[in-house]
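Below is one structure, written out as structure tokens, with a few remarks after it.
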Amino acid sequence: MNNIRQKIRKAVQRKLLKKAVSFLVKKLLLLLAPLIPVLLILLLAIIFAVTLFAAFYGSMPQEQTLTGVKVNDQDQKIYTKAEKLVQEKNVEQTWLNGTHLGFLADYYGSDVKLINKWGDIYAPVLFKASQKPNKNLLQNESWLTKNLGQTADDLKPYFYYKKSRIIYHTEDGEDEIYEIYLLTEADTIRGHYIFEYEWVTEDKVTYEKLVNRRLIKKWDRLEEFLQKYLTLPNKKETTTARQMVFEAGQGFTAKKQWFEWLQNKFGSSYYWVSSAMVPAELKPYFLEAEEKYGIPWWFLAAVAMKESSFNPEASGFDGTGSFGLMQILPENWQKYSVILGFDPVADKDNPRAQILVGAYMLSSYGIRVDWESNKWREESLLMLVAYNAGAGKIGDRGTEEYVKKNYAEPIWEYAEQFKNPVIWPVPGYTTITSGFGMRVHSILGVEKFHYGIDIAAPEGAPVVSVSGGVAYAEYEEDGFGKYVIVKDGIYEYYYAHLSEIEIKDGQKVTPGTVIGRAGSTGRSTGSHLHLGIKPIGGNWIDPLQVLK
């Protein structure tokens with residue numbers, strides 16, 4: 001009799017779980033359907049995480065949920081509420097020597113990469129609601145508000161900064177000094193990190209260079225919260241739930257969906273790619289890897305773009321466990337990170353370590369490539385076969401053809417574009433009249449942070465796109481004036497105070513395309529170009545990090 005009761009109880013539990021997971025998946029589809037294409041990555045990520053959770057209990061619904069689903073007003077309310085909450089909480093704990101800043105301030109944008117996305121706080125709430133599918137808690141306004149607020153507050157990041165300076169050494173001996181802020185410590189759901197810098201002088205500029213991001217703890221905060229919030233009974237369930245939340249956040253930093261959209265918009269060509277897309281904070285690591293292992297930085301950057309879209313926290317969805325910028329398998333990471341002197345645990349999220357390990361592996365296959373000749377593509381094929389499919393697959397014609405078409409050819413196209421230097425936005429005019437950082441505003445007369453650089457140029461001087469991508473024309477009477485935004489998949493470039501705009505909304509541009517003319521529209525004291533650059537979905541960075 002006891003056995004029969006146990007079987008009945010297990011059957012009921014499986015049925016309830018199927019309902020809960022089905023409810024969860026359907027609500028996700030309802031919520032994400034109207035959003036921008038890049039959020040499709042989030043949908044796939046959370047469904048993947050839910051699959052993991054369901055597999056743990058041996059149950060997963062098989063019914064099709066994509067047909068006939070209609071979005072309701074409540075779904076949009078959830079998104080709007082969650083987005084507003086994370087924006088507020090992401091800057092609530094930003095501190096400079098005990099003084100509250102109230103904004104993300106890191107010169108290198110390290111804080112932007114660690115902030116919470118709306119999916120990070122919504123996923124646990126959705127998970128909790130799915131534990132009681134018959135109550136339809138997401139339609140309960142007070143329950144939803146309370147739980148989103150609790151999640152946003154408990155998971156908010158803590159950022160600590162210090163003051164630093166950028167010193168531009170001019171030919172007349174009058175140094176130009178700009179004050180900036182550097183992140184020293186970050187306690188977030190993605191990990192607790194310490195940031196280390198060293199003073200360097202490069203190209204007549206003296207500044208503190210970011211040399212290391214040291215991991216103290218990885219998942220402690222998030223797992224502690226989830227175990228309590230979801231009343232999870234053991235470590236294994238907590239880890240699975242944590243992966244769900246983490247994968248949700250990944251959907252916003254992964255940019256492959258945007259790249260695919262760009263490729264479709266431009267056609268099969270990769271001519272929208274440019275060297276400006278290589279994230280500024282990663283360039284020194286690619287150059288270091290080139291010097292150590294003899295593989296050009298532009299080739300390594302192309303591998304990273306193909307593998308992870310330049311996301312150090314990317315996780316593979318192929319079941320292999322590959323991760324990071326170079327999508328390294330766990331067994332390879334464990335072996336090669338130690339050989340190179342890294343800690344396999346503490347340095348797992350370290351972009352420098354990821355790039356150096358990937359470069360070391362590519363060089364370890366012993367395949368000679370003359371990078372200066374026009375045969376570097378065909379000569380590097382076997383290197384990419386070994387990296388993508390394993391050294392044992394070299395000589396397997398089927399594998400080589402597959403890797404060539406689906407893996408090597410995109411990397412070669414990216415690499416060709418990365419070889420070209422970044423284009424200066426105002427050809428022939430290089431004087432920077434105002435740099436990135438704290439300054440006394442020329443019109444308002446108060447000290448304000450300048451989120452870009454001003455380049456002196458006469459009215460009508462051609463302004464060209466630094467990158468490829470899609471351009472949009474905008475107007476702001478009391479701000480940027482006439483301005484153009486270009487998006488390339490990594491950055492948004494703002495070209496402001498133009499006298500004329502030479503592009504149409506949604507126009508495809510390539511590096512060097514004339515997009516406007518220098519001017520003084522908007523809030524401006526004279527003809528110039530204001531150039532602002534920020535990661536898509538992120539905060540402003542110094543444009544010289546990209547241009548140099």
Does Ser274 form a side chain to side chain contact (heavy atoms under 4.5 Å, CB included) with Val466? I'd like the steps, not just the answer.
CA-CA 8 Å; Ser274 74; Val466 168; over 6 Å; no
Would Lys162 and Glu208 count as a salt bridge (charged side-chain N to carboxylate O under 4.0 Å, His left out) here? Give the steps.
CA-CA 11 Å; Lys162 70 174 183 178; Glu208 283 193 84; 2.8 Å; yes
Pair Thr151, Phe225 - check side chain to side chain contact (heavy atoms under 4.5 Å, CB included), show working.
CA-CA 9 Å; Thr151 307; Phe225 167 78; 3.9 Å; yes
Check step by step if side chain to side chain contact (heavy atoms under 4.5 Å, CB included) holds for Tyr495 and Tyr483.
CA-CA 5 Å; Tyr495 304 84; Tyr483 69 103; 5.8 Å; no
Checking side chain to side chain contact (heavy atoms under 4.5 Å, CB included) for the pair Phe342/Arg352: CA distance, chi angles, key distance, verdict?
CA-CA 10 Å; Phe342 294 109; Arg352 176 174 175 263; 3.6 Å; yes
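Using cut-offs of 30° and 60° on the angle between ring planes, the pair Phe323 and Trp333 is perpendicular. Below 30°, between 30° and 60°, or above 60°: for Tyr181 and Phe103 the angle between ring planes is between 30° and 60°, a tilted geometry. Aromatic ring orientation, Phe159 versus Tyr161: tilted (interplanar angle from 30° to 60°).
For Glu196, the salt bridge (Lys or Arg N to Asp or Glu O under 4.0 Å) test picks out Arg214, with sequence neighbours left out. Residues satisfying the salt bridge (Lys or Arg N to Asp or Glu O under 4.0 Å) test with Asp220, not counting sequence neighbours, are none.
Only one option out of Trp540, Tyr451, Tyr472 pairs with Tyr494 in a ring-ring contact (aromatic ring centres under 6.0 Å, His included); it is Trp540. Between Arg190 and the choices Asp349, Asn116, Leu215, the side-chain contact (heavy atoms from CB on, under 4.5 Å) rule is met once, by Asn116.
Sequence neighbours left out, the pairs with a member in residues 90-101 that pass salt bridge (charged side-chain N to carboxylate O under 4.0 Å, His left out) are Lys89-Glu92, Glu92-Lys156.
Side-chain contact check for Tyr207 versus Arg165: every heavy-atom pair is 4.5 Å or farther apart. A 4.5 Å side-chain heavy-atom check between Pro425 and Leu529 finds at least one atom pair inside the cut-off. Taking the side chain as every heavy atom from C-beta outward, Ile194 and Ile216 approach each other to under 4.5 Å.
Expressed to the nearest 0.5 Å, how far OG1 of Thr238 lies from CD of Gln227 amounts to 3.5 Å. Separating the CE atom in Met305 from the CZ atom in Phe310 is a distance of 6.0 Å, to the nearest 0.5 Å. For the atom pair NZ (Lys209) and OG (Ser164), the distance works out to 14.5 Å, reported to the nearest 0.5 Å.
A donor-acceptor contact closer than 3.5 angstrom links the side chains of Gln87 and Glu83. Under 3.5 Å, the side chains of Tyr493 and Asp488 contain a donor-acceptor pair of N or O atoms. Of the N and O atoms on the side chains of Tyr229 and Asn147, at least one donor lies less than 3.5 Å from an acceptor on the other residue.
Salt bridge annotation for Lys482-Glu476: absent, with no cationic side-chain nitrogen under 4.0 angstrom from a carboxylate oxygen. Taking a cutoff of 4.0 Å between a charged side-chain nitrogen and a carboxylate oxygen, Glu492 and Lys487 qualify as a salt bridge.
When every heavy atom of Leu531 is checked against every heavy atom of Pro543, the shortest pair comes out as O-CG, 3.3 Å. For Ser110 against Leu210, the heavy-atom pair with the smallest separation is OG-CD2, 3.9 Å. Residues His497 and Gly479 come closest through the heavy atom pair CE1-O, 3.2 Å. Minimum heavy-atom separation, Asp454 to His530: OD1-ND1, 3.1 Å. Arg221 approaches Asp187 most closely through the heavy-atom pair NH1-O, 3.0 Å. Counting all heavy atoms, side chain and backbone alike, Ser467 lies closest to Val509 at O-CG2, 4.2 Å.
In this structure, Thr145 contributes its side chain and Ser142 its backbone to no donor-acceptor pair below 3.5 Å. Side-chain atoms of Ser322 do not come within 3.5 Å of backbone N or O of Gln327 as any donor-acceptor pair. For the pair Gln93 (side chain) and Asn90 (backbone), a donor-acceptor distance under 3.5 Å is absent. Under a 3.5 Å cut-off, the side chain of Asp347 and the backbone N or O of Asn350 do not form any donor-acceptor pair. In terms of modelled atom types and a separation under 3.5 Å, the side chain of Gln354 and the main chain of Leu325 share a donor-acceptor contact.
Both cation-pi conditions hold for Arg213 and Tyr193: the charged atom is under 6.0 angstrom from the six-membered ring centre and inside a 45 degree cone around its axis.
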